[in-house]
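Take a look at the structure below.
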Number of protein chains: 2
Amino acid sequence: MTTANSLSADDLGSAAQRDRRRRILQATIEIASKGGFDAVQMRAVTQRADVALGTLYRYFPSKIHLLVSALGSQFEDVSANLSKSPIPGDTAADRVIWVLGKATRGMQRDPNLTEALTRAFMFADKSVAGEIHTVGMQLTTMLTHAIQGGAYDADAELTDENVSVARVISDVWLSSLVSWVTGRFSTEEVHDHLDTAVRLLLRD
Amino acid sequence: MTTANSLSADDLGSAAQRDRRRRILQATIEIASKGGFDAVQMRAVTQRADVALGTLYRYFPSKIHLLVSALGSQFEDVSANLSKSPIPGDTAADRVIWVLGKATRGMQRDPNLTEALTRAFMFADKSVAGEIHTVGMQLTTMLTHAIQGGAYDADAELTDENVSVARVISDVWLSSLVSWVTGRFSTEEVHDHLDTAVRLLLRD
DNA sequence: AGCGCAACTGGAACGTGTTTCTATTCTACC
DNA sequence: GGTAGAATAGAAACACGTTCCAGTTGCGCT
(Lines give C-alpha, C1' and ligand atoms only; values in the text may rest on other atoms or scores of the structure.)
Protein backbone atom coordinates (compact mmCIF):
# COMPACT_ATOMS: atom_id res chain seq x y z
CA MET A 1 0.00 0.00 0.00
CA THR A 2 1.66 3.19 -1.16
CA THR A 3 0.43 5.65 1.39
CA ALA A 4 1.22 8.99 -0.12
CA ASN A 5 1.93 11.44 2.67
CA SER A 6 1.43 15.14 2.76
CA LEU A 7 4.67 17.03 2.35
CA SER A 8 5.81 18.24 5.75
CA ALA A 9 7.53 21.57 6.16
CA ASP A 10 10.84 19.79 6.75
CA ASP A 11 10.62 17.87 3.50
CA LEU A 12 10.66 21.02 1.47
CA GLY A 13 13.96 22.29 0.20
CA SER A 14 13.49 25.81 -0.97
CA ALA A 15 12.04 28.75 0.87
CA ALA A 16 9.60 29.27 -1.98
CA GLN A 17 8.24 25.80 -1.37
CA ARG A 18 7.88 26.29 2.34
CA ASP A 19 6.06 29.49 1.56
CA ARG A 20 3.73 27.75 -0.87
CA ARG A 21 2.93 25.18 1.77
CA ARG A 22 2.28 27.91 4.30
CA ARG A 23 0.04 29.82 1.89
CA ILE A 24 -1.96 26.69 1.14
CA LEU A 25 -2.56 25.89 4.79
CA GLN A 26 -3.45 29.46 5.61
CA ALA A 27 -5.87 29.68 2.70
CA THR A 28 -7.42 26.42 3.87
CA ILE A 29 -7.92 27.71 7.38
CA GLU A 30 -9.34 31.01 6.20
CA ILE A 31 -11.83 29.37 3.88
CA ALA A 32 -12.79 26.75 6.45
CA SER A 33 -13.26 29.46 9.04
CA LYS A 34 -15.66 31.28 6.77
CA GLY A 35 -17.70 28.41 5.38
CA GLY A 36 -16.80 25.10 6.99
CA PHE A 37 -16.00 21.77 5.42
CA ASP A 38 -18.06 22.17 2.26
CA ALA A 39 -16.59 25.58 1.51
CA VAL A 40 -13.08 24.17 1.47
CA GLN A 41 -13.11 23.38 -2.22
CA MET A 42 -9.83 22.49 -3.78
CA ARG A 43 -10.20 25.04 -6.59
CA ALA A 44 -11.04 27.73 -4.06
CA VAL A 45 -7.92 26.89 -2.06
CA THR A 46 -5.74 27.10 -5.15
CA GLN A 47 -7.16 30.52 -6.02
CA ARG A 48 -6.68 31.91 -2.55
CA ALA A 49 -3.21 30.40 -2.15
CA ASP A 50 -2.27 31.33 -5.70
CA VAL A 51 -1.08 27.89 -6.77
CA ALA A 52 -2.21 25.49 -9.46
CA LEU A 53 -4.48 22.57 -8.75
CA GLY A 54 -1.75 20.09 -9.60
CA THR A 55 0.57 21.78 -7.14
CA LEU A 56 -1.98 21.62 -4.37
CA TYR A 57 -2.30 17.88 -4.97
CA ARG A 58 1.46 17.54 -4.98
CA TYR A 59 1.63 19.01 -1.50
CA PHE A 60 -1.50 17.36 -0.10
CA PRO A 61 -2.75 14.24 -1.85
CA SER A 62 -6.40 14.80 -0.91
CA LYS A 63 -8.79 17.25 0.68
CA ILE A 64 -8.73 15.17 3.86
CA HIS A 65 -4.92 15.16 3.99
CA LEU A 66 -5.06 18.90 3.56
CA LEU A 67 -7.52 19.49 6.37
CA VAL A 68 -5.91 17.06 8.79
CA SER A 69 -2.57 18.74 8.13
CA ALA A 70 -4.22 22.06 8.84
CA LEU A 71 -5.50 20.61 12.10
CA GLY A 72 -1.96 19.56 12.94
CA SER A 73 -0.62 23.02 12.34
CA GLN A 74 -3.34 24.49 14.56
CA PHE A 75 -2.44 22.07 17.32
CA GLU A 76 1.18 23.08 17.07
CA ASP A 77 0.17 26.64 17.84
CA VAL A 78 -1.91 25.52 20.81
CA SER A 79 0.83 23.37 22.31
CA ALA A 80 3.36 26.13 21.82
CA ASN A 81 1.04 28.45 23.69
CA LEU A 82 0.44 25.98 26.48
CA SER A 83 4.08 25.18 27.08
CA LYS A 84 4.88 28.84 27.66
CA SER A 85 3.51 28.80 31.17
CA PRO A 86 2.81 26.05 33.68
CA ILE A 87 -0.69 24.65 33.72
CA PRO A 88 -2.72 25.93 36.68
CA GLY A 89 -4.47 23.54 39.03
CA ASP A 90 -3.52 21.51 42.08
CA THR A 91 -4.79 18.14 40.97
CA ALA A 92 -4.44 16.27 37.72
CA ALA A 93 -8.17 16.55 37.17
CA ASP A 94 -8.13 20.32 37.59
CA ARG A 95 -5.25 20.72 35.19
CA VAL A 96 -6.80 18.51 32.55
CA ILE A 97 -10.11 20.30 32.82
CA TRP A 98 -8.32 23.60 32.48
CA VAL A 99 -6.53 22.49 29.32
CA LEU A 100 -9.64 20.99 27.79
CA GLY A 101 -11.66 24.04 28.64
CA LYS A 102 -9.14 26.32 27.04
CA ALA A 103 -8.90 24.23 23.89
CA THR A 104 -12.63 23.73 23.66
CA ARG A 105 -13.40 27.41 24.07
CA GLY A 106 -10.86 28.14 21.38
CA MET A 107 -12.58 25.82 18.96
CA GLN A 108 -16.05 27.04 19.82
CA ARG A 109 -14.94 30.53 18.98
CA ASP A 110 -14.61 29.39 15.37
CA PRO A 111 -17.39 26.90 14.73
CA ASN A 112 -16.91 26.62 10.98
CA LEU A 113 -13.22 25.91 11.23
CA THR A 114 -13.86 23.38 13.97
CA GLU A 115 -16.51 21.69 11.90
CA ALA A 116 -14.21 21.41 8.92
CA LEU A 117 -11.23 20.09 10.85
CA THR A 118 -13.19 17.74 13.06
CA ARG A 119 -15.12 16.17 10.24
CA ALA A 120 -11.98 15.71 8.17
CA PHE A 121 -10.25 14.06 11.10
CA MET A 122 -13.11 11.67 11.73
CA PHE A 123 -13.61 10.86 8.06
CA ALA A 124 -9.98 10.06 7.39
CA ASP A 125 -9.17 6.57 6.20
CA LYS A 126 -6.01 4.48 6.24
CA SER A 127 -4.22 6.60 3.66
CA VAL A 128 -4.16 9.48 6.13
CA ALA A 129 -2.60 7.37 8.89
CA GLY A 130 0.58 9.44 9.02
CA GLU A 131 -1.11 12.79 9.47
CA ILE A 132 -3.63 11.35 11.92
CA HIS A 133 -0.87 9.84 14.00
CA THR A 134 0.82 13.21 14.28
CA VAL A 135 -2.33 14.82 15.59
CA GLY A 136 -3.02 11.95 17.96
CA MET A 137 0.44 12.29 19.45
CA GLN A 138 0.05 16.02 19.93
CA LEU A 139 -3.20 15.42 21.78
CA THR A 140 -1.91 12.64 24.00
CA THR A 141 1.25 14.58 24.80
CA MET A 142 -0.75 17.64 25.74
CA LEU A 143 -2.95 15.65 28.08
CA THR A 144 -0.28 13.55 29.76
CA HIS A 145 1.63 16.76 30.29
CA ALA A 146 -1.41 18.20 32.02
CA ILE A 147 -1.95 15.08 34.10
CA GLN A 148 1.56 14.94 35.46
CA GLY A 149 1.65 18.63 36.22
CA GLY A 150 3.45 21.73 35.14
CA ALA A 151 6.73 20.73 36.71
CA TYR A 152 8.34 19.50 33.56
CA ASP A 153 10.41 16.81 35.17
CA ALA A 154 11.73 14.32 32.67
CA ASP A 155 11.85 11.77 35.48
CA ALA A 156 8.21 12.38 36.24
CA GLU A 157 5.98 9.38 36.14
CA LEU A 158 4.87 8.95 32.56
CA THR A 159 3.13 5.83 33.66
CA ASP A 160 1.19 3.52 31.42
CA GLU A 161 -1.86 4.40 33.41
CA ASN A 162 -1.42 8.08 32.75
CA VAL A 163 -1.08 7.47 29.04
CA SER A 164 -4.15 5.25 29.05
CA VAL A 165 -6.14 7.87 30.89
CA ALA A 166 -4.95 10.50 28.44
CA ARG A 167 -6.09 8.35 25.54
CA VAL A 168 -9.51 7.83 27.04
CA ILE A 169 -9.87 11.54 27.69
CA SER A 170 -8.90 12.41 24.15
CA ASP A 171 -11.48 9.88 22.93
CA VAL A 172 -14.14 11.61 24.99
CA TRP A 173 -12.98 15.00 23.83
CA LEU A 174 -13.14 14.06 20.16
CA SER A 175 -16.55 12.47 20.52
CA SER A 176 -17.81 15.56 22.31
CA LEU A 177 -16.52 17.75 19.54
CA VAL A 178 -18.31 15.61 17.00
CA SER A 179 -21.48 15.82 19.04
CA TRP A 180 -21.14 19.56 19.23
CA VAL A 181 -20.40 19.92 15.54
CA THR A 182 -23.48 17.89 14.67
CA GLY A 183 -25.67 19.89 17.04
CA ARG A 184 -26.28 17.08 19.50
CA PHE A 185 -24.41 18.85 22.33
CA SER A 186 -24.60 22.47 23.34
CA THR A 187 -21.43 24.18 24.53
CA GLU A 188 -22.54 23.63 28.13
CA GLU A 189 -23.15 19.97 27.52
CA VAL A 190 -19.69 19.59 26.05
CA HIS A 191 -18.22 21.20 29.11
CA ASP A 192 -20.28 19.14 31.55
CA HIS A 193 -19.61 15.89 29.74
CA LEU A 194 -15.86 16.48 29.73
CA ASP A 195 -15.96 17.52 33.34
CA THR A 196 -17.81 14.36 34.33
CA ALA A 197 -15.51 12.12 32.33
CA VAL A 198 -12.34 13.65 33.76
CA ARG A 199 -13.59 13.44 37.33
CA LEU A 200 -14.56 9.83 36.82
CA LEU A 201 -11.17 9.00 35.38
CA LEU A 202 -8.95 11.03 37.67
CA ARG A 203 -10.53 10.64 41.10
CA ASP A 204 -7.58 10.34 43.43
CA MET B 1 -33.72 24.34 8.81
CA THR B 2 -35.68 21.69 6.93
CA THR B 3 -33.88 18.58 8.00
CA ALA B 4 -35.08 15.95 5.60
CA ASN B 5 -35.20 12.63 7.41
CA SER B 6 -34.82 9.18 6.06
CA LEU B 7 -38.14 7.38 5.74
CA SER B 8 -38.50 4.98 8.64
CA ALA B 9 -40.20 1.64 8.22
CA ASP B 10 -43.23 2.92 10.13
CA ASP B 11 -43.68 5.89 7.84
CA LEU B 12 -44.30 3.67 4.87
CA GLY B 13 -47.84 2.76 4.02
CA SER B 14 -47.76 -0.08 1.59
CA ALA B 15 -46.04 -3.41 1.88
CA ALA B 16 -44.34 -2.76 -1.43
CA GLN B 17 -42.76 0.34 0.05
CA ARG B 18 -41.56 -1.44 3.15
CA ASP B 19 -40.08 -4.05 0.89
CA ARG B 20 -38.32 -1.43 -1.22
CA ARG B 21 -36.84 0.06 1.91
CA ARG B 22 -35.71 -3.35 3.07
CA ARG B 23 -34.15 -4.16 -0.30
CA ILE B 24 -32.29 -0.85 -0.31
CA LEU B 25 -30.82 -1.38 3.16
CA GLN B 26 -29.90 -4.95 2.39
CA ALA B 27 -28.21 -4.00 -0.85
CA THR B 28 -26.32 -1.29 1.01
CA ILE B 29 -25.08 -3.71 3.62
CA GLU B 30 -24.07 -6.30 1.05
CA ILE B 31 -22.13 -3.82 -1.04
CA ALA B 32 -20.51 -2.24 2.01
CA SER B 33 -19.56 -5.66 3.27
CA LYS B 34 -17.80 -6.42 0.02
CA GLY B 35 -16.03 -3.15 -0.68
CA GLY B 36 -16.44 -0.68 2.18
CA PHE B 37 -17.48 2.95 2.12
CA ASP B 38 -16.20 3.79 -1.34
CA ALA B 39 -17.92 0.80 -2.92
CA VAL B 40 -21.29 1.97 -1.65
CA GLN B 41 -22.09 4.03 -4.71
CA MET B 42 -25.62 5.24 -5.06
CA ARG B 43 -25.99 3.89 -8.59
CA ALA B 44 -24.69 0.51 -7.46
CA VAL B 45 -27.22 0.41 -4.64
CA THR B 46 -30.06 1.20 -7.03
CA GLN B 47 -28.98 -1.59 -9.34
CA ARG B 48 -28.74 -4.16 -6.60
CA ALA B 49 -31.96 -3.08 -4.90
CA ASP B 50 -33.70 -2.72 -8.26
CA VAL B 51 -35.00 0.79 -7.70
CA ALA B 52 -34.45 4.05 -9.55
CA LEU B 53 -31.99 6.66 -8.37
CA GLY B 54 -34.77 9.12 -7.64
CA THR B 55 -36.49 6.56 -5.46
CA LEU B 56 -33.37 5.85 -3.49
CA TYR B 57 -33.07 9.56 -2.75
CA ARG B 58 -36.72 9.67 -1.78
CA TYR B 59 -36.12 7.06 0.88
CA PHE B 60 -32.69 8.28 2.01
CA PRO B 61 -31.77 11.87 1.24
CA SER B 62 -28.02 11.21 1.05
CA LYS B 63 -25.41 8.48 1.09
CA ILE B 64 -24.68 9.30 4.71
CA HIS B 65 -28.34 9.06 5.71
CA LEU B 66 -28.45 5.72 3.97
CA LEU B 67 -25.41 4.30 5.73
CA VAL B 68 -26.34 5.63 9.16
CA SER B 69 -29.80 4.13 8.73
CA ALA B 70 -28.14 0.85 7.81
CA LEU B 71 -26.08 1.13 10.99
CA GLY B 72 -29.28 1.64 12.94
CA SER B 73 -30.84 -1.46 11.45
CA GLN B 74 -27.75 -3.48 12.33
CA PHE B 75 -27.90 -2.22 15.90
CA GLU B 76 -31.51 -3.28 16.14
CA ASP B 77 -30.49 -6.81 15.35
CA VAL B 78 -27.74 -6.70 17.96
CA SER B 79 -29.99 -5.34 20.72
CA ALA B 80 -32.64 -7.89 19.88
CA ASN B 81 -30.04 -10.59 20.22
CA LEU B 82 -28.72 -9.22 23.49
CA SER B 83 -32.10 -8.88 25.14
CA LYS B 84 -32.88 -12.54 24.55
CA SER B 85 -30.75 -13.68 27.47
CA PRO B 86 -29.39 -11.93 30.55
CA ILE B 87 -25.92 -10.48 30.28
CA PRO B 88 -23.33 -12.62 32.04
CA GLY B 89 -20.98 -11.11 34.60
CA ASP B 90 -21.12 -10.35 38.31
CA THR B 91 -20.00 -6.74 38.20
CA ALA B 92 -21.03 -3.88 35.98
CA ALA B 93 -17.53 -3.78 34.55
CA ASP B 94 -17.64 -7.44 33.59
CA ARG B 95 -21.01 -7.11 31.95
CA VAL B 96 -20.01 -4.03 29.98
CA ILE B 97 -16.82 -5.65 28.83
CA TRP B 98 -18.77 -8.69 27.76
CA VAL B 99 -21.18 -6.63 25.71
CA LEU B 100 -18.45 -4.53 24.14
CA GLY B 101 -16.41 -7.61 23.36
CA LYS B 102 -19.32 -9.30 21.68
CA ALA B 103 -20.20 -6.23 19.62
CA THR B 104 -16.61 -5.52 18.72
CA ARG B 105 -15.90 -9.06 17.60
CA GLY B 106 -19.01 -8.89 15.50
CA MET B 107 -17.81 -5.80 13.73
CA GLN B 108 -14.29 -7.08 13.29
CA ARG B 109 -15.69 -10.10 11.54
CA ASP B 110 -16.79 -7.78 8.74
CA PRO B 111 -14.14 -5.07 8.40
CA ASN B 112 -15.46 -3.51 5.21
CA LEU B 113 -18.96 -3.12 6.54
CA THR B 114 -17.62 -1.70 9.77
CA GLU B 115 -15.47 0.75 7.90
CA ALA B 116 -18.39 1.95 5.81
CA LEU B 117 -20.80 2.35 8.72
CA THR B 118 -18.28 3.87 11.10
CA ARG B 119 -17.02 6.44 8.65
CA ALA B 120 -20.52 7.43 7.66
CA PHE B 121 -21.46 7.85 11.31
CA MET B 122 -18.45 10.02 12.06
CA PHE B 123 -18.79 12.08 8.91
CA ALA B 124 -22.45 12.88 9.43
CA ASP B 125 -23.37 16.53 9.76
CA LYS B 126 -26.36 18.30 11.28
CA SER B 127 -28.76 17.14 8.58
CA VAL B 128 -28.37 13.58 9.83
CA ALA B 129 -29.18 14.50 13.44
CA GLY B 130 -32.30 12.37 13.55
CA GLU B 131 -30.68 9.16 12.39
CA ILE B 132 -27.60 9.76 14.55
CA HIS B 133 -29.76 10.31 17.59
CA THR B 134 -31.47 6.98 17.03
CA VAL B 135 -28.16 5.16 16.93
CA GLY B 136 -26.82 7.04 19.94
CA MET B 137 -29.85 6.05 21.96
CA GLN B 138 -29.49 2.41 20.98
CA LEU B 139 -25.89 2.47 22.13
CA THR B 140 -26.53 4.23 25.42
CA THR B 141 -29.48 1.98 26.19
CA MET B 142 -27.44 -1.12 25.52
CA LEU B 143 -24.68 0.03 27.82
CA THR B 144 -26.81 1.29 30.70
CA HIS B 145 -28.66 -1.99 30.48
CA ALA B 146 -25.36 -3.80 30.84
CA ILE B 147 -24.26 -1.59 33.71
CA GLN B 148 -27.33 -2.10 35.80
CA GLY B 149 -27.39 -5.81 35.22
CA GLY B 150 -29.48 -8.45 33.54
CA ALA B 151 -32.31 -8.20 36.03
CA TYR B 152 -34.54 -6.01 33.96
CA ASP B 153 -36.07 -4.15 36.83
CA ALA B 154 -37.80 -0.97 35.75
CA ASP B 155 -37.18 0.41 39.22
CA ALA B 156 -33.49 -0.27 38.92
CA GLU B 157 -31.22 2.67 39.40
CA LEU B 158 -30.97 4.38 36.03
CA THR B 159 -28.89 6.98 37.77
CA ASP B 160 -27.43 10.03 36.10
CA GLU B 161 -24.04 8.64 36.90
CA ASN B 162 -24.78 5.40 35.10
CA VAL B 163 -25.95 7.27 32.03
CA SER B 164 -22.86 9.48 32.12
CA VAL B 165 -20.62 6.48 32.37
CA ALA B 166 -22.46 4.84 29.50
CA ARG B 167 -21.92 7.93 27.38
CA VAL B 168 -18.23 8.02 28.13
CA ILE B 169 -17.89 4.34 27.33
CA SER B 170 -19.68 4.74 24.04
CA ASP B 171 -17.35 7.64 23.22
CA VAL B 172 -14.36 5.41 23.86
CA TRP B 173 -15.89 2.60 21.88
CA LEU B 174 -16.55 4.78 18.86
CA SER B 175 -13.08 6.29 18.96
CA SER B 176 -11.57 2.85 19.20
CA LEU B 177 -13.56 1.71 16.21
CA VAL B 178 -12.32 4.70 14.27
CA SER B 179 -8.77 3.93 15.31
CA TRP B 180 -9.19 0.34 14.23
CA VAL B 181 -10.78 1.28 10.93
CA THR B 182 -7.91 3.63 10.15
CA GLY B 183 -5.33 1.01 11.10
CA ARG B 184 -4.04 2.78 14.19
CA PHE B 185 -5.29 0.06 16.54
CA SER B 186 -5.02 -3.69 16.14
CA THR B 187 -7.87 -5.85 17.34
CA GLU B 188 -5.97 -6.56 20.55
CA GLU B 189 -5.35 -2.89 21.15
CA VAL B 190 -9.04 -2.16 20.74
CA HIS B 191 -9.82 -4.82 23.30
CA ASP B 192 -7.19 -3.66 25.75
CA HIS B 193 -8.12 -0.02 25.41
CA LEU B 194 -11.80 -0.74 26.06
CA ASP B 195 -10.88 -2.98 28.94
CA THR B 196 -8.75 -0.29 30.52
CA ALA B 197 -11.35 2.40 30.05
CA VAL B 198 -14.16 0.34 31.51
CA ARG B 199 -12.12 -0.69 34.55
CA LEU B 200 -11.15 2.93 35.14
CA LEU B 201 -14.74 4.06 34.90
CA LEU B 202 -16.45 1.25 36.79
CA ARG B 203 -14.14 0.48 39.68
CA ASP B 204 -16.49 -0.16 42.57
C1' DA C 1 -64.53 1.50 -14.67
C1' DG C 2 -62.62 6.05 -14.57
C1' DC C 3 -60.20 9.86 -12.20
C1' DG C 4 -56.61 12.15 -9.63
C1' DC C 5 -52.50 12.03 -7.36
C1' DA C 6 -48.49 10.37 -5.34
C1' DA C 7 -44.74 7.21 -6.19
C1' DC C 8 -41.64 5.29 -9.37
C1' DT C 9 -38.60 4.85 -13.59
C1' DG C 10 -35.03 6.16 -16.74
C1' DG C 11 -31.95 9.24 -18.00
C1' DA C 12 -29.80 13.73 -18.52
C1' DA C 13 -27.29 17.21 -16.23
C1' DC C 14 -24.55 19.65 -12.67
C1' DG C 15 -20.84 20.29 -8.97
C1' DT C 16 -16.77 19.14 -6.86
C1' DG C 17 -12.84 15.92 -5.73
C1' DT C 18 -9.37 13.79 -8.38
C1' DT C 19 -6.42 12.57 -12.39
C1' DT C 20 -3.88 13.57 -16.41
C1' DC C 21 -1.36 16.04 -19.85
C1' DT C 22 1.40 19.68 -22.08
C1' DA C 23 3.79 23.90 -21.86
C1' DT C 24 6.39 26.85 -18.95
C1' DT C 25 9.38 28.20 -15.09
C1' DC C 26 12.67 27.35 -11.57
C1' DT C 27 16.89 25.19 -9.61
C1' DA C 28 21.11 22.75 -9.35
C1' DC C 29 25.10 21.82 -11.60
C1' DC C 30 28.69 22.16 -15.19
C1' DG D 1 25.79 31.26 -19.50
C1' DG D 2 23.75 26.83 -20.75
C1' DT D 3 21.45 22.57 -19.86
C1' DA D 4 18.89 18.60 -17.67
C1' DG D 5 15.47 17.59 -14.67
C1' DA D 6 12.18 18.78 -11.21
C1' DA D 7 8.38 21.76 -9.98
C1' DT D 8 4.59 24.54 -11.39
C1' DA D 9 0.79 26.51 -14.25
C1' DG D 10 -3.23 25.96 -16.85
C1' DA D 11 -6.77 23.44 -18.47
C1' DA D 12 -9.24 19.43 -19.94
C1' DA D 13 -11.35 15.19 -18.56
C1' DC D 14 -13.24 11.71 -15.44
C1' DA D 15 -15.98 9.78 -11.29
C1' DC D 16 -19.51 9.84 -8.27
C1' DG D 17 -22.94 12.29 -5.20
C1' DT D 18 -26.82 14.89 -6.08
C1' DT D 19 -30.62 17.27 -8.57
C1' DC D 20 -34.07 17.61 -12.00
C1' DC D 21 -37.46 16.38 -15.32
C1' DA D 22 -40.80 13.91 -18.44
C1' DG D 23 -43.18 9.91 -18.84
C1' DT D 24 -45.27 5.74 -16.55
C1' DT D 25 -47.28 3.00 -12.97
C1' DG D 26 -49.80 1.92 -8.82
C1' DC D 27 -53.43 3.03 -5.64
C1' DG D 28 -57.44 5.00 -3.20
C1' DC D 29 -61.89 7.17 -4.14
C1' DT D 30 -66.23 7.86 -6.33
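In what follows, chains are A, B, ... by sequence order, proteins preceding strands, each numbered from 1.
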Whole-Å distance, Met42(A) CE to dA9(D) P, equals 14 Å
Query - Check: Arg43(B) side chain, dT18(D) base, donor-acceptor under 3.5 Å - result: yes
Check: Mind checking whether Leu66(A) and Leu25(A) have side chains closer than 4.5 Å, heavy atoms only?
Finding: yes
Residue pair Arg58(A)/Leu53(A) against DNA chain D: nearer the 5' end by closest nucleotide is Arg58(A)
Between CG of Leu66(B) and P of dG17(D) the distance, given in whole Å, is 10 Å
Taken to the nearest whole Å, OH/Tyr57(B) to C1'/dT18(D) is 5 Å
At less than 4.0 Å, is any side-chain N or O atom of Tyr59(B) found next to OP1 or OP2 of dC8(C)? Yes or no.
yes
Result for 5'-nearest mapping on DNA chain C, choosing between Gly54(A) and Gln41(A), is Gln41(A)
Check your understanding: Is Asp38(B) touching bases, backbone alone, or none of the nucleic acid, heavy atoms closer than 4.0 Å?
Key -> nothing
Rounded to whole Å, the CG-P distance (Asp19(A) to dT8(D)) equals 12 Å
Per atom distances to the Val51(B) side chain, the nearest of dT9(C), dA9(D), dT18(C) is dT9(C)
Margin query: Using a 4.0 Å heavy-atom cut-off, does Val40(B) contact any base of the nucleic acid, only the sugar-phosphate backbone, or nothing at all?
Written below: sugar-phosphate
Between NZ of Lys63(A) and C1' of dG17(D) the distance, given in whole Å, is 13 Å
Should the pair Arg167(B)-Asp171(B) be classified as a salt bridge under the 4.0 Å nitrogen-to-oxygen rule? no
Counting only side-chain N and O atoms of Arg20(A), is one of them less than 4.0 Å from OP1 or OP2 of dT8(D)? yes
Taken to the nearest whole Å, CZ/Arg21(B) to C1'/dC8(C) is 18 Å
Rounding to 0.5 Å, atoms CZ (Arg22(A)) and CD (Gln26(A)) come to a distance of 5.5 Å
Taken to the nearest whole Å, CD/Gln47(A) to C1'/dT8(D) is 17 Å
Does dA7(C) have its OP1 or OP2 closer than 4.0 Å to a side-chain nitrogen or oxygen of Thr55(B)? no
Phe60(A) CZ to dG17(C) C1', in whole Å, measures 16 Å
Practice item. For Phe37(A) and Phe123(B), run ring-ring contact (aromatic ring centres under 6.0 Å, His included): C-alpha distance rounded to whole Å, both residues' side-chain angles, the deciding distance at 0.1 Å, then the answer. Key: CA-CA 11 Å; Phe37(A) 186 89; Phe123(B) 188 60; 5.3 Å; yes
Only residue of Asp192(A), Val190(A), Val178(A) satisfying side-chain contact (heavy atoms from CB on, under 4.5 Å) with Phe185(A) is Val190(A)
